[in-house]
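Notes follow once the structure below has been shown.
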Amino acid sequence: MSQHENIHKHVFSITKQHRQALHGHKSYILWFTGLSGSGKSTIANMVEARLHAKGISTYILDGDNLRNGLNEDLGFSANDRKENIRRIGEMSKIFVDSGIVVLATFISPYANDRKDVRKKVKTDEFIEIYVKCPIEACEERDPKGLYKKARIGEITQFTGVSAPYEEPENPEIIIETSQNTIEECVQQIIDYLIDAGM
Ligand SMILES: Nc1ncnc2c1ncn2[C@@H]1O[C@H](COP(=O)(O)OS(=O)(=O)O)[C@@H](OP(=O)(O)O)[C@H]1O
Ligand SMILES: Nc1ncnc2c1ncn2[C@@H]1O[C@H](COP(=O)(O)OP(=O)(O)O)[C@@H](O)[C@H]1O
């Protein structure tokens, strides 16, 4: 017997469409993926400020922040990362249903885990942004000193050093943070959203 057999979905009268109409805009997920130090949080922070200034309701879900709360029980094994991304995917879907634009900033190194999130929402509600930056540049930045610790073995399973990162094959947007300024990367995302009517 399925454990879900006795769980019945309740349909409420106020729907995503009602909430979107109240907000006056579409809701969707901007999914930032990339190495530690590639610029996910920096860019998402500025994109959110630009959207907020236009009257768009937003929320940032960030790896470090969520791992101090909802996901405090998870580490960095492949299975724990999968569960991390699964939970964030479910949360992101709830945000989309509530009419809010989600900016999710997670390394999310496994292509299949990202694909699973994509499948949870409609095609145009998931915008994958590959925050592309060579590991050498990320390591040079090392904003939290984590690469240094990973190189001397103080942190294990560190993405790009002792754990894999699978590059997105077909992301909606690629920003190259070692080639372009922060402002240029932010503008590239804003331009995409304007072109897509978001
Ligand atoms: N082993 C290891 N590998 C990668 N990252 C590590 C690790 N240990 C701690 N950290 C810190 O955790 C942040 C990444 O968390 P995420 O939830 O985004 O990771 S994942 O998507 O589940 O792979 C990551 O944040 P960012 O630097 O902002 O990417 C690090 O600060
Ligand atoms: N073009 C750029 N885009 C994003 N970040 C940049 C860029 N150029 C330099 N940086 C710097 O790189 C660092 C990126 O750190 P962070 O945003 O925390 O990365 P992540 O969230 O991916 O770990 C910041 O110190 C930021 O100022």
Side-chain angles (χ1 to χ4, degrees), residues 29-50 58-93 95 102-118 120 126 128-168 171 173-192:
I29 304 167
L30 293 176
W31 188 275
F32 294 78
T33 172
L35 294 170
S36 177
S38 59
K40 302 181 296 295
S41 308
T42 301
I43 302 293
N45 184 41
M46 293 190 63
V47 170
E48 181 178 45
R50 293 279 295 272
T58 55
Y59 198 82
I60 295 186
L61 297 175
D62 179 80
D64 280 325
N65 296 352
L66 270 285
R67 280 176 172 278
N68 280 321
L70 178 70
N71 292 339
E72 66 184 3
D73 55 326
L74 301 176
F76 291 91
S77 67
N79 271 343
D80 278 6
R81 290 183 201 247
K82 184 181 187 62
E83 175 61 9
N84 184 37
I85 298 310
R86 189 194 67 79
R87 289 183 199 170
I88 303 308
E90 289 297 329
M91 254 187 103
S92 299
K93 183 181 169 183
F95 271 99
V102 194
L103 298 91
T105 59
F106 296 85
I107 296 177
S108 43
Y110 296 109
N112 277 338
D113 298 349
R114 296 192 300 264
K115 274 183 204 149
D116 286 344
V117 178
R118 187 185 281 276
K120 290 180 197 291
F126 185 86
E128 187 172 30
I129 302 171
Y130 178 22
V131 184
K132 190 172 180 183
C133 186
I135 189 159
E136 295 77 17
C138 295
E139 196 157 357
E140 175 77 28
R141 293 174 183 168
D142 207 4
K144 301 175 212 157
L146 298 178
Y147 283 95
K148 200 169 286 170
K149 287 187 183 168
R151 289 291 176 199
I152 58 172
E154 269 183 29
I155 304 178
T156 57
Q157 299 178 306
F158 194 76
T159 307
V161 175
S162 41
Y165 178 79
E166 298 172 1
E167 290 195 314
I173 306 174
I174 302 177
I175 53 171
E176 302 213 38
T177 65
S178 63
Q179 307 288 318
N180 300 297
T181 65
I182 294 174
E183 189 44 52
E184 285 166 344
C185 295
V186 170
Q187 193 59 47
Q188 196 186 329
I189 296 169
I190 298 292
D191 288 345
Y192 175 94

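Every number for a ligand or one of its atoms is a count from 1 in the order of the listing. Computed over heavy atoms, backbone and side chain alike; hydrogens, waters and symmetry mates excluded. These numbers come from a predicted model, not from an experiment.
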* Where do S108 and D113 land on the side-chain hydrogen bond (donor to acceptor under 3.5 Å, both in side chains) test, with the steps shown first? -> CA-CA 7 Å; S108 43; D113 298 349; over 6 Å; no
* Identity and separation of the nearest protein heavy atom to atom 23 (O) of ligand 1 -> R81 NH1, 2.8 Å
* **Note, N112 side chain near E166 side chain (heavy atom, < 4.5 Å)** => no
* Starting from atom 12 (O) of ligand 1, which protein heavy atom do you reach first, and at what distance in Å? -> F76 CZ, 3.3 Å
* For residues F95 and I29, determine if any side-chain heavy atom of one lies less than 4.5 Å from a side-chain heavy atom of the other. => no
* To do: For N180, take its heavy atoms, then give the atoms of ligand 2 lying under 4.0 Å from any of them.
  => 1 (N)
* To do: Please state whether L35 comes within less than 4.0 angstrom of ligand 2, counting heavy atoms only.
  => yes
* Asked: Any idea which part of D62 is under 4.0 Å from ligand 1, heavy-atom wise: side chain, backbone, both or neither?
  -> neither
* Lys NZ or Arg CZ of R67 over F76 ring: under 6.0 Å, within 45° -> yes
* Structure fact -> If we number the atoms of ligand 2 from 1 as shown, the ones under 4.0 Å from a heavy atom of P143 are 15 (O)
* To do: For G63, counting its heavy atoms only, list the atoms of ligand 1 lying under 4.0 Å from any of them.
  => 17 (O), 18 (O)
* Counting from 1, what ligand 1 atoms have a heavy atom of S36 closer than 4.0 Å? -> 26 (P), 27 (O), 29 (O)
* To do: Using the side-chain hydrogen bond (donor to acceptor under 3.5 Å, both in side chains) rule, take D191 and Q187 through it: C-alpha gap first, then chi angles, then the decisive distance, then the call.
  => CA-CA 6 Å; D191 288 345; Q187 193 59 47; 2.9 Å; yes
* Asked: Below 4.5 Å, heavy atoms only, C-beta onward: do W31 and I85 meet side chain to side chain?
  -> yes
* Structure fact -> Per-atom filter on ligand 1: closer than 4.0 angstrom to a heavy atom of K40 are 29 (O)
* Asked: Hey, does F126 have a side-chain heavy atom less than 4.5 Å from the side chain of S92?
  -> no
* Asked: Taking both backbone and side-chain atoms of K144, is any N or O found less than 3.5 Å from an N or O belonging to ligand 2?
  -> no
* To do: Answer yes or no for L74: is there a heavy-atom contact with ligand 1 below 4.0 Å?
  => no
* Nearest protein heavy atom with distance in Å, relative to atom 23 (O) of ligand 2 -> G37 N, 2.7 Å
* Ignoring hydrogens and angles, tell me if any N or O in the side chain of T177 forms a donor-acceptor pair with the backbone of S38 under 3.5 Å. => yes
* Structure fact -> Counting from 1 in the order shown, the ligand 2 atoms closer than 4.0 Å to a non-hydrogen atom of S36 are 23 (O)
* Answer whether the closest heavy-atom distance between the side chains of I107 and K40 falls below 4.5 Å. => yes
* **Partner of Y147 under side chain to side chain contact (heavy atoms under 4.5 Å, CB included), chosen from I152, I155, L35** => L35
* Structure fact -> of all protein heavy atoms, closest to atom 14 (C) of ligand 1 is I107 CD1, 3.6 Å
* Asked: To the nearest 0.1 Å, how far is atom 28 (O) of ligand 1 from its closest protein heavy atom, and which atom is that?
  -> K144 NZ, 2.9 Å
* To do: Determine, step by step, whether E183 and R50 satisfy the salt bridge (charged side-chain N to carboxylate O under 4.0 Å, His left out) criterion, reporting the C-alpha distance in whole Å, the side-chain angles of both residues, the deciding distance to 0.1 Å, and the verdict.
  => CA-CA 11 Å; E183 189 44 52; R50 293 279 295 272; 3.2 Å; yes
* Structure fact -> atom 15 (O) of ligand 1: closest protein heavy atom, distance to 0.1 Å, is R67 NE, 3.3 Å
* Would you say G39 has any N or O atom under 3.5 Å from an N or O of ligand 2, going by distance alone? -> yes
* Structure fact -> If we number the atoms of ligand 1 from 1 as shown, the ones under 4.0 Å from a heavy atom of F158 are 1 (N), 2 (C), 3 (N), 4 (C), 5 (N), 6 (C), 7 (C)
* Asked: If you measure from each non-hydrogen atom of R141 to ligand 2, which part falls under 4.0 Å: side chain, backbone, both or neither?
  -> side chain
* Minimum non-hydrogen distance to atom 3 (N) of ligand 2, winning option of I43, D62, T33, D64 -> I43
* **ligand 1 atoms in contact with D64 (distance to a heavy atom under 4.0 Å)** => 11 (C), 12 (O), 13 (C), 24 (C), 25 (O), 28 (O), 30 (C), 31 (O)
* Structure fact -> Nearest non-hydrogen contact to atom 21 (O) of ligand 1 from the set S162, A78, S108 belongs to S108
* **E90 bridged to K93 by N-O distance under 4.0 Å** => no
* Is any side-chain heavy atom of Y59 closer than 4.5 Å to a side-chain heavy atom of V102? -> no
* Strictly under 4.0 Å, does any heavy atom of S38 approach an atom of ligand 2? -> yes
* Asked: Would you say I182 touches ligand 2, if touching means a heavy atom closer than 4.0 Å?
  -> yes
* How about I173 and Q188: do any of their side-chain heavy atoms sit closer than 4.5 Å? -> yes
* Output the list of atoms in ligand 1 that are nearer than 4.0 Å to some heavy atom of L146, sorted by atom number. => 30 (C), 31 (O)
* Using a heavy-atom cut-off of under 4.0 Å, does the side chain or the backbone of N71 touch ligand 1, or both, or neither? -> neither
* Asked: So, does N65 use its side chain to make a donor-acceptor pair with the main chain of L61 at under 3.5 Å?
  -> no
* Structure fact -> Under 4.0 Å from one or more heavy atoms of Q157, ligand 1 contributes atoms 1 (N), 2 (C), 3 (N)
* Asked: Quick one: which ligand 2 atoms are inside 4.0 Å of a heavy atom on S41?
  -> 17 (O), 21 (O)
* For N84, the ligand 1 atoms whose distance to one of its heavy atoms is below 4.0 Å -> 16 (P), 17 (O), 20 (S), 21 (O), 22 (O)
* atom 16 (P) of ligand 2 - nearest protein heavy atom and its distance -> T42 OG1, 3.6 Å
* **Side chains of C133 and R141 in contact at under 4.5 Å (non-hydrogen atoms)** => yes
* Any donor-acceptor pair under 3.5 Å from D142 side chain to K148 backbone -> yes
